Q: 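Here you go, one structure.
Small disclaimer: the values here were computed from a predicted structure and weren't measured. Below, all heavy atoms of this structure are taken into account, side chains as well, without hydrogens, waters or symmetry copies.
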Amino acid sequence: MNDLLAFLFAAVALIGAVSTYFQRDRFNKLIAVGITFGGIVPFIVDRGYLDVAIITSLIIPITTIIILLICRREIHDA
Amino acid sequence: MLGEILHILAAAIISWILFVTVDILFRLPEAGGVSGASAVARDIEAGGGALAGGIMMGNIVCSPDASAGTLLAACGVYVAGIPGGLAAAVLVFIGNRICHDPGYAGTTGAVLATFVVYGFTQVGFAATDFIAGMVIAILTIQGLSHAHASRLLARLWRVRQ
Amino acid sequence: MIALYVVAAIAVFAAIRATVERNTGRKLPYVNVMNFAVAGALVLLLDHPLSLVAAAAYFVGSTLEANAIASTYAGGGRRE
């Protein structure tokens, strides 16, 4: 990975991170966290840690689903 | 340099035709296979698009369909030739079941795309051209203008009916 | 290796479009384009058989995430 590619993928991760800060809606916040992860995973693969990339790719959606369940219950109670 | 760009554009057109044909043959614009697809279709229709095209775009978002099959088959052919493409088809099949999608559009698309991509690698194309071409093809459907793309898909769906 | 630059540029473009769009339902197709681009970039970055499994795992995982967000959004929209 050269400097230009590192810049492009870092831009994706930073756009996601800054966007997470500015979103108000909870769905938009979760989507922006997903964009952040999309920018980070090429750096993991570029170092050769393919097993780490596979396991994080499977864990991150599960955490999102758990957060969605918590959000839904909170609205239901309120 | 210029030849590679032309190869990528040609691969984009080939994979666009391949995945739109398979998706429309498997009746993706007819009904939302999962409940999230109809929500995406509703918002696209509210933004000025057509409903049938919106449902197909929602199905592409919510479950690995023929477009995902084409991308992963091109990746498989790039890393391991024909066996890699068939392994990608198996992975797409598992992905379909994980996402509660009962259809076979993704698996069929992956198997077809394996042979198409392998055939084009024999005549001078590289498998990487098809990976970049598939990303350009999905960009034209999902990423440029939802209203125009959904109207185009709805028109193709009426032709199939 | 011009394919990798094309794919990375499309990932940045899709991330910007997804950030600018306000409506949640119309945001998801842009995120889907970014997922395609990143899954393609994973294989192009490292030519190894396990890269295919990593790309498939990333793609299926992010599709499952979009599926969960969209279906909760559909149900939540009706309830609110």
Side-chain angles (χ1 to χ4, degrees), chain A residues 1-2 4-16 18-20 22-69 71-72 75-76, chain C residues 1 4-5 7-25 27-28 30-31 34-46 48-73 75-77 79-80:
Chain A
M1 185 186 279
N2 57 20
L4 179 59
L5 283 172
F7 175 78
L8 287 172
F9 287 120
V12 173
L14 286 176
I15 289 167
V18 174
S19 155
T20 312
F22 283 110
Q23 301 291 346
R24 289 280 169 266
D25 184 53
R26 64 178 193 279
F27 296 116
N28 293 352
K29 249 188 212 302
L30 284 173
I31 290 173
V33 173
I35 294 176
T36 312
F37 177 61
I40 289 169
V41 72
F43 289 100
I44 302 175
V45 168
D46 185 53
R47 300 292 189 281
Y49 299 128
L50 289 168
D51 44 354
V52 180
I54 292 169
I55 206 71
T56 42
S57 303
L58 296 176
I59 288 172
I60 294 234
I62 294 171
T63 57
T64 308
I65 291 168
I66 292 170
I67 292 172
L68 278 169
L69 288 176
C71 287
R72 192 192 281 174
I75 282 178
H76 194 70
Chain C
M1 201 59 163
L4 189 47
Y5 295 100
V7 167
I10 290 175
V12 176
F13 173 77
I16 293 171
R17 283 296 294 266
T19 306
V20 171
E21 176 66 52
R22 314 289 294 175
N23 184 303
T24 305
K27 229 180 227 283
L28 286 168
Y30 294 125
V31 178
M34 194 209 73
N35 290 332
F36 268 83
V38 171
L42 295 189
V43 176
L44 291 174
L45 276 171
L46 195 59
H48 185 274
L50 213 52
S51 299
L52 175 65
V53 182
Y58 174 76
F59 190 80
V60 171
S62 55
T63 305
L64 185 61
E65 190 179 346
N67 193 348
I69 291 175
S71 47
T72 314
Y73 173 65
R79 196 177 299 139
E80 280 165 5

Q: Between A:Thr64 and C:Leu64, is the side chain to side chain contact (heavy atoms under 4.5 Å, CB included) condition met? List the steps.
A: CA-CA 10 Å; A:Thr64 308; C:Leu64 185 61; over 6 Å; no
Q: Against chain C, label A:Ile44 side chain, backbone, both or neither, depending on which of its atoms sit under 4.5 Å from a heavy atom there.
A: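 Neither part.
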Q: For the residue pair A:Ile54 and C:Ala57, what are the closest heavy atoms and their distance?
A: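 Minimum heavy-atom contact is CG2-CB, 4.1 Å.
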Q: Taking all atoms of both residues into account, what is the closest heavy-atom pair of A:Leu50 and C:Ala54, and its distance?
A: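 Distance-wise, the nearest heavy atoms are CD2-CB, 4.0 Å.
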Q: Hey, what do you get for CG (A:Leu4) to CG (C:Leu4), rounding to the nearest 0.5 Å?
A: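 If we round to the nearest 0.5 Å, A:Leu4:CG and C:Leu4:CG are 9.5 Å apart.
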Q: Heavy atoms only: give me the nearest A:Ser19-C:Thr19 pair and the separation to one decimal.
A: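 Taking every non-hydrogen atom into account, CB-CG2, 3.5 Å.
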Q: Return the CG to CZ distance between C:Leu46 and A:Arg47, rounded to the nearest 0.5 Å.
A: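 Those atoms lie 12.0 Å apart.
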Q: Got a second to check how far C:Ile69's CD1 is from A:Arg26's CZ, nearest 0.5 Å?
A: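 The CZ atom of A:Arg26 is 11.0 Å from CD1 of C:Ile69, to the nearest 0.5 Å.
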Q: A:Ile15, A:Ile31, A:Leu58: which one forms the most heavy-atom pairs within less than 4.5 Å of chain C?
A: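 Top count of heavy-atom pairs under 4.5 Å with chain C: A:Ile31.
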Q: Can you tell which of A:Asp46, A:Val12, A:Ile65 has the highest number of heavy-atom pairs within less than 4.5 Å of chain C?
A: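 Option with the top pair count is A:Val12.
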Q: How far apart are the closest heavy atoms of A:Leu8 and C:Ala9, and which atoms are they?
A: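 Heavy atoms of A:Leu8 and C:Ala9 come nearest at CD1-N, 4.2 Å.
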Q: Who among A:Thr56, A:Ile59, A:Ile55, A:Ile35 has the most heavy-atom pairs with chain C under 4.5 Å?
A: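 The option with the most such pairs is A:Ile35.
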Q: Pick one of side chain, backbone, both or neither for C:Val12, based on which atoms fall under 4.5 Å of a heavy atom in chain A.
A: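 For C:Val12, backbone and side chain are both near chain A.
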Q: Answer yes if the side chains of C:Tyr73 and A:Asp25 hold a donor-acceptor pair under 3.5 Å, and no otherwise.
A: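 No.
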Q: For the interface with chain C, which of A:Gly34, A:Gly38, A:Ala11 has the highest count of heavy-atom pairs at distances below 4.5 Å?
A: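 The option with the most such pairs is A:Gly38.
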Q: Under the criterion side chain to side chain contact (heavy atoms under 4.5 Å, CB included), I'd like the reasoning laid out for C:Val38 against A:Phe37: C-alpha separation, chi angles, the key distance, then a yes or no.
A: CA-CA 10 Å; C:Val38 171; A:Phe37 177 61; over 6 Å; no
Q: Among C:Thr24, C:Val53, C:Asn67, which residue has the highest count of heavy-atom pairs closer than 4.5 Å to chain A?
A: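 That would be C:Thr24.
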Q: Mind listing the closest non-hydrogen atom pair of C:Gly61 and A:Pro61 along with its distance?
A: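 That closest heavy-atom pairing would be O-CG, 3.1 Å.
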Q: Are C:Leu28 and A:Phe27 close enough that some pair of their side-chain heavy atoms sits under 4.5 Å apart?
A: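 No - every pair of side-chain heavy atoms lies 4.5 Å or more apart.
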Q: Give a yes or no on whether C:Phe13 atom CZ has more than 12 heavy-atom contacts from other residues, nucleotides or ligands under 6.0 Å away.
A: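 Result for CZ/C:Phe13: enclosed.
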